[in-house]
Amino acid sequence: MKQQHTASRHKQQGFVAPASAREKLSSRVLDEADKSLEYTLTAVRGNIDGLTATEAANRLIQFGPNEVTHDKPPHALIQLLQAFKNPFVMVLIVLGLVSYVMDVLMAEPGDEDWVKVTILGVMVGLSGLLRFWQEYRSAKAAEALKSLVRNTATVQRRPSPGVAPQRKEVAMTELVAGDIVHLQAGDMIPADIKLIESRDLFISQAVLTGEALPVEKYDTLGAVAGKSADGTGTGAGEAGLLDLPNICFMGTNVVSGTARAVVVATGSDTYFGSLARNVVSHKRIETSFDRGVNSVTKLLIRFMLVMVPIVFMLSGVSSGDWMSALTFALAVAVGLTPEMLPMIVSANLARGAVAMAKRKVVVKRLNSVQNFGAMDVLCTDKTGTLTQDKIILEHHYDVRGKRDDRILQLAWLNSFHQSGMKNLMDIAVVEHADALGESCKPANYRKVDELPFDFVRRRLSVIVQDDLGQQLMVSKGAVEEMLAVSSQIADGQEVRELTDADRRALLRQSEEFNADGYRVLIVATREIPATECKQSYRTSDEVKLVVRGFLTFFDPPKDSAAPAIRALNEYGVAVKVLTGDNPIITSKVCRDVGLEPGVPLLGKDIEVMDDVALCTVVKHTTIFAKLTPLQKSRVVKALQANGNTVGFLGDGINDAPALRDADVGISVDSGADIAKETADIILLEKSLMVLEEGVIKGRETFGNILKYLNMTASSNFGNVFSVLVASAWLPWAPMLAMQMLIQNLVYDVSQMLLPWDKMDPEFLKRPRKWEASNIKRFMLWLGPTSSVFDISTYCLMWFVFGAGALYATANGSMDPLVNGQAIMNSGWFIEGLVSQTLVVHMLRTRKIPFLQSTATLPVLLSTSIAIAIGCYLPFSPLAEHFGFITLDGPKYFMWLVITMLAYMGLTQTVKSIYIKRHGQWF
């Protein structure tokens with residue numbers, strides 16, 4: 001299959017086979033693995049010469065395109081409706097509906113209630129539209145990433161029966177079961193296929209195991225299972241997926257060699273397809289953000305259910321006007337609700353998404369920005385994330401473990417002169433020699449013949465000839481297989497017989513290299529006497545070799561991995577590695593990047609654990625190796641069950657279940673489509689440093705949300721507490737319902753610029769979560785501080801500004817101007833709005849405001865304007881319309897300044913006690 005790119009190379013990733021292959025893999029693939037070719041062709045209604053064009057077209061219509069299930073974004077209208085699916089929004093909508101019903105029942109023009117409904121409607125609308133627009137744009141950007149690649153396959157088909165077959169390129173989606181496909185180096189496996197014939201075929205199974213080295217696939221049945229007389233076979237069903245040498249799976253890719261194969265499963269019938277179907281049909285879990293929002297919403301509703309009836313009863317009893325008391329109680333309900341919270345949340349998340357987009361990060365779901373900041377465990381794959389996703393030659397040693405450039409020269413002769421598609425180790429040898437210079441690349445040799453690598457011999461030999469006509473066989477391969485054909489060893493300048501002690505020493509040295517995470521090959525030679533020189537050699541000539549030394553290979557860590565992990569640890573994020581690779585190599589990589597590997601936990605061990613045992617062991621485990629997709633997902637869920645907010649970074653088909661189950665799924669633009677569709681965030685650069693920046697931005701975003709929620713909830717609670725006192729003492733409501741709504745509106749509008757505030761560096765150092773208990777505690781501690789000065793303002797307006805005297809002489813008049821209510825309303829309106837707005841600067845930081853920590857200019861301007869509006873309204877031409885009365889300005893503002901200074905002093909004192917007692921702020 002070919003891939004035409006308009007931008008960069010699309011790296012295909014895949015899946016890890018589950019523990020029970022027979023249960024998870026397409027039954028057809030397993031059934032056909034160990035059966036004869038004739039049986040398989042009959043089963044899929046195929047022909048060795050290929051299907052006819054008509055047969056292929058009919059099957060495409062009957063069974064559908066060769067596509068897996070996709071997690072496609074919903075229609076724009078559905079996405080718009082989902083943007084309003086938020087508990088806070090639901091509360092506001094209910095309050096708006098109740099206000100509208102009240103207006104109808106009272107059969108009045110509804111000035112107050114229409115103001116209320118309009119305010120709530122605007123807030124709900126702006127919140128939903130802002131969220132919709134950001135998520136819609138991100139979804140479009142994510143979809144656009146797919147257009148960078150167009151996949152095709154080389155298929156063998158016949159124009160009609162009896163006509164010679166022809167090779168043609170068709171879209172991968174047009175493949176059907178029974179098609180005959182041709183493969184070569186660079187192709188992606190387009191479906192689940194069974195090999196008909198192959199030559200030196202090596203398949204990259206990084207998509208299956210995370211290992212960088214390819215494995216050989218071949219059309220041999222004997223290694224899988226013996227065949228019975230009828231050709232049905234007996235044992236392939238129990239073989240592990242990676243042990244099926246004649247089966248290649250959709251999503252893997254060809255590293256070298258050629259092959260012809262028959263398609264046995266397409267689309268959703270493939271293993272990849274079954275996994276994708278399970279992922280898409282699996283409902284997303286409730287993330288840390290969702291749980292937090294729900295808990296806070298329930299807290300606010302409980303407060304409303306308790307406080308509003310009390311206000312209603314006290315106000316009704318004191319005034320005798322039960323309908324007005326109901327209206328005022330409804331206004332209190334709105335006042336107790338931080339009605340701007342949905343918009344503040346959306347604005348903060350959108351701003352965080354925009355900031356992350358500048359760092360080449362596509363945020364598909366806005367909630368994931370907060371989850372990013374709340375993340376305290378990051379689970380990541382090894383290959384290509386912690387490592388460079390390439391093999392390098394680390395050492396070239398003689399048999400005593402000392403560097404020897406002659407070993408590199410021999411290895412270069414072997415790797416450079418082989419004619420097949422060079423695998424990653426050959427490329428590493430050639431690149432290493434290029435880096436060291438011409439001295440490591442002998443030029444006085446020409447190639448005579450080669451004996452290609454195969455899965456049984458596990459070695460590659462090249463025969464070269466020098467200028468004098470002397471021929472030399474240079475072999476490199478796996479340790480045990482090389483020792484099996486070697487009879488001598490080069491010990492320094494001496495070549496002597498290879499003894500059993502030497503063999504044990506070489507094996508022990510190889511095991512030590514393996515324990516350090518290296519992949520090891522042995523280099524051996526054989527000088528061919530002139531009498532035995534020839535131009536063509538066979539594998540039987542690989543005898544009596546002289547062991548020369550070792551080559552060690554390693555997938556090196558990225559330069560940014562170690563500092564990024566240190567930075568994440570500094571911000572309270574633990575990094576855990578979940579990989580399909582082996583634990584030894586993974587442990588080596590972890591040590592190199594500063595992670596203490598400890599004792600790795602293997603997939604086979606996880607398989608026998610129950611959930612309780614797994615939850616216990618994941619707390620102290622850093623490396624999880626040899627994992628299947630479902631095991632990765634189980635590890636993520638176990639971490640979440642322990643109270644962690646878990647992020648998962650993966651780019652393969654095998655990562656899709658874990659990406660979906662994590663609180664925040666992170667993929668890369670070069671990842672598999674299913675991974676990108678499942679992820680919440682897509683990185684355009686596969687770098688852990690981007691993750692650190694995302695964590696910081698997420699915490700800044702969440703911090704500003706918490707600021708608004710804590711400040712507004714505590715302030716509103718203080719106001720309601722003050723209303724309770726007023727309702728029990730004053731003969732009328734301390735503020736009209738419309739005045740309370742205007743006060744809330746002015747305050748809330750001033751908070752719209754809060755997303756542009758900064759956070760104290762100390763706040764960013766550890767993960768933060770939605771915790772209703774903390775918000776409740778904050779409300780109960782800080783709310784009553786404002787009530788102290790609200791009550792003092794009541795007394796001030798009653799005794800100093802004459803509200804009490806007017807009431808005493810009103811003779812029961814209901815006119816606010818006559819009975820002193822307008823004085824009380826006007827004075828408390830200003831004091832309430834100024835204190836509520838000014839306290840933003842007191843509560844936005846744990847430090848001393850203005851001296852140790854100052855808000856950003858947008859917040860300073862917005863709060864100053866809100867205070868100015870609050871102070872102006874009772875003195876404006878609109879004062880009478882809103883039920884205000886002009887006060888004695890100089891006298892009132894003198895008292896207001898004194899009150900605010902005392903309020904700020906008390907708030908700072910309570911804040912200090914609170915921090916000392918609870919050890920945190922927010």
Residues which pass side-chain contact (heavy atoms from CB on, under 4.5 Å) with Gln471, listed by chain and number, not counting sequence neighbours: Val448, Ile463, Gln465, Ile528, Cys533, Gln535, Tyr537
- prompt: What residues form a salt bridge (charged side-chain N to carboxylate O under 4.0 Å, His left out) with Glu570, not counting sequence neighbours?
  reply: none
message: What I'd like to find out is whether the side chain of Leu378 reaches to under 4.5 Å of the side chain of Leu568, using heavy atoms alone.
response: yes
query: Do you know the tightest heavy-atom contact between Val593 and Pro557?
result: CG1-CB, 3.4 Å
Identify each donor-acceptor pair in which a side-chain atom of residues 501-508 lies under 3.5 Å from a protein atom, sequence neighbours left out, and give them as a table.
from   : atom 1 : to     : atom 2 : distance (Å)
Asp502 : OD1    : Arg496 : NH2    : 3.3
Asp502 : OD2    : Arg496 : NH1    : 2.6
Asp502 : OD2    : Thr499 : N      : 3.1
Asp502 : OD2    : Thr499 : OG1    : 3.0
Arg503 : NH1    : Leu483 : O      : 2.6
Arg503 : NH2    : Ser486 : O      : 3.1

query: Do Asp680 side-chain atoms and Gly665 backbone N/O form a donor-acceptor pair below 3.5 Å?
result: yes
message: Listing request: all salt bridge (charged side-chain N to carboxylate O under 4.0 Å, His left out) pairs with a residue in residues 467-477, at least two apart in sequence or in separate chains.
response: Asp426-Lys476
- prompt: Does the side chain of Ile193 come within less than 4.5 Å of Ile247's, by heavy atoms?
  reply: no
message: Measuring only between side-chain heavy atoms, which start at C-beta, is Val377 closer than 4.5 Å to Cys379?
response: yes
message: Checking His432 now: which residues fulfil ring-ring contact (aromatic ring centres under 6.0 Å, His included) with it, not counting sequence neighbours?
response: His396
- request: Please report the shortest heavy-atom distance between Glu527 and Pro529, naming the atom on each side.
  value: O-CD, 3.5 Å
- request: Decide yes or no for Leu691 and Ile666: does some side-chain heavy atom of the first lie under 4.5 Å from some side-chain heavy atom of the second?
  value: yes
- request: Return the minimal non-hydrogen interatomic distance between Arg548 and Ala490, and the atom names on each side.
  value: NH1-CB, 3.6 Å
- request: Look at Arg403 together with Asp405 and state whether they make a salt bridge at an N to O cut-off of under 4.0 Å.
  value: yes
message: Whether Arg526 and Glu532 form a salt bridge (side-chain N of Lys/Arg under 4.0 Å from carboxylate O of Asp/Glu) is what I want to check.
response: yes
query: What do you reckon, is CG of Asn444 surrounded by more than 12 foreign heavy atoms closer than 6.0 Å?
result: yes
- line: Quick note, ring-ring contact (aromatic ring centres under 6.0 Å, His included) partners involving residues 468-513, not counting sequence neighbours, are Tyr397-Phe513, Phe513-Phe550
- line: With sequence neighbours left out, the residues meeting side-chain contact (heavy atoms from CB on, under 4.5 Å) with Val599 are none
statement: Heavy-atom nearest pair, Leu183 first then Pro190, reads CD2-CD, 4.3 Å
query: Distance from Asp466 atom CG to Leu472 atom CG, nearest 0.5 Å?
result: 8.5 Å
Heavy-atom closest contact (Cys440 atom, Leu408 atom, distance): SG-CD2, 3.7 Å
field: Test side chain to side chain contact (heavy atoms under 4.5 Å, CB included) applied to Phe624 and Lys576, step by step
entry: CA-CA 8 Å; Phe624 302 83; Lys576 296 181 182 290; 4.1 Å; yes
- line: With sequence neighbours left out, the residues meeting side-chain contact (heavy atoms from CB on, under 4.5 Å) with Leu602 are Pro583, Lys604, Asp605, Ala625
- prompt: Does a sphere of radius 6.0 Å around NZ in Lys447 hold more than 12 heavy atoms from other residues, nucleotides or ligands, not counting ones at 6.0 Å or beyond?
  reply: yes
- prompt: Does the distance from a Lys or Arg side-chain N to an Asp or Glu carboxylate O, for Asp398 and Arg400, drop under 4.0 Å?
  reply: no
message: So for atom CZ, which belongs to Arg446, do other residues, nucleotides or ligands contribute more than 12 heavy atoms lying within a distance under 6.0 Å?
response: yes
- request: Enter the distance from Trp412:CH2 to Asp434:CG here, rounded to the nearest 0.5 Å.
  value: 8.5 Å
field: Pairwise distance CD(Gln631) to OG1(Thr628) - rounded to 0.5 angstrom
entry: 3.5 Å
query: Got a salt bridge between Arg519 and Asp555, using NZ or NE/NH1/NH2 to carboxylate O under 4.0 Å?
result: no
message: Check this for me, if you would: do Arg457 and Glu481 make a salt bridge, where the nitrogen-to-carboxylate-oxygen distance has to be below 4.0 angstrom?
response: no
message: With side chain to side chain contact (heavy atoms under 4.5 Å, CB included) as the criterion, how do Met473 and Thr525 come out once you've worked through the C-alpha distance, each side chain's angles and the decisive distance to 0.1 Å?
response: CA-CA 5 Å; Met473 176 183 289; Thr525 63; over 6 Å; no
- prompt: Given Val577 and Cys590, is the side chain to side chain contact (heavy atoms under 4.5 Å, CB included) satisfied, shown in steps?
  reply: CA-CA 8 Å; Val577 180; Cys590 287; 3.7 Å; yes
statement: The reported gap from CZ in Phe249 to CD1 in Ile203 (rounded to nearest 0.5 angstrom) is 11.0 Å
query: Do Ile392 and Glu394 touch side chain to side chain, with heavy atoms closer than 4.5 Å?
result: yes
field: side-chain contact (heavy atoms from CB on, under 4.5 Å) partner of Val664, the single match among Ile681, Leu649, Leu659
entry: Ile681
statement: Those residues at least two apart in sequence (or on a different chain) that pass side-chain hydrogen bond (donor to acceptor under 3.5 Å, both in side chains) with Tyr445 are none
task: Let me see the working for Met188 and Met172 under side chain to side chain contact (heavy atoms under 4.5 Å, CB included), right down to the final yes or no.
output: CA-CA 10 Å; Met188 187 181 78; Met172 194 178 79; 3.4 Å; yes
message: Does any part of the side chain of Pro657, heavy atoms only, come nearer than 4.5 Å to the side chain of Lys632, both counted from C-beta?
response: no
- prompt: In terms of side-chain heavy atoms, does Gln184 have a donor or acceptor partner in Thr258 at a distance below 3.5 Å?
  reply: no
message: Less than 3.5 Å apart, any donor N or O on the side chain of Thr622 or Glu596 sitting next to an acceptor on the other?
response: no
message: Restricting to side-chain contact (heavy atoms from CB on, under 4.5 Å), what partner residues turn up for Arg260, sequence neighbours left out?
response: Ile48, Gln156, Ile180, His182, Ile196, Glu197
message: For a quick test of reading the model, state the closest non-hydrogen atom pair linking Leu410 to Val474 and the distance between them.
response: O-CG1, 3.2 Å
task: Give, for atom CG of Leu460 and atom CG of Asn414, the distance between the pair rounded to the nearest 0.5 Å.
output: 4.5 Å
- prompt: With a 4.5 Å heavy-atom cut-off, do Glu512 and Asp516 have their side chains touching?
  reply: no
- request: Please round to the nearest 0.5 Å and tell me the distance separating atom CG of Leu386 and atom OG1 of Thr586.
  value: 9.0 Å
field: Summary of ring-ring contact (aromatic ring centres under 6.0 Å, His included) pairs that have at least one residue in residues 553-595, sequence neighbours excluded
entry: Tyr518-Phe554
Side chain to side chain, Glu450 and His417, heavy atoms closer than 4.5 Å: no
field: Partners passing side-chain hydrogen bond (donor to acceptor under 3.5 Å, both in side chains) against Lys534 (at least two apart in sequence or in another chain)
entry: Asp541
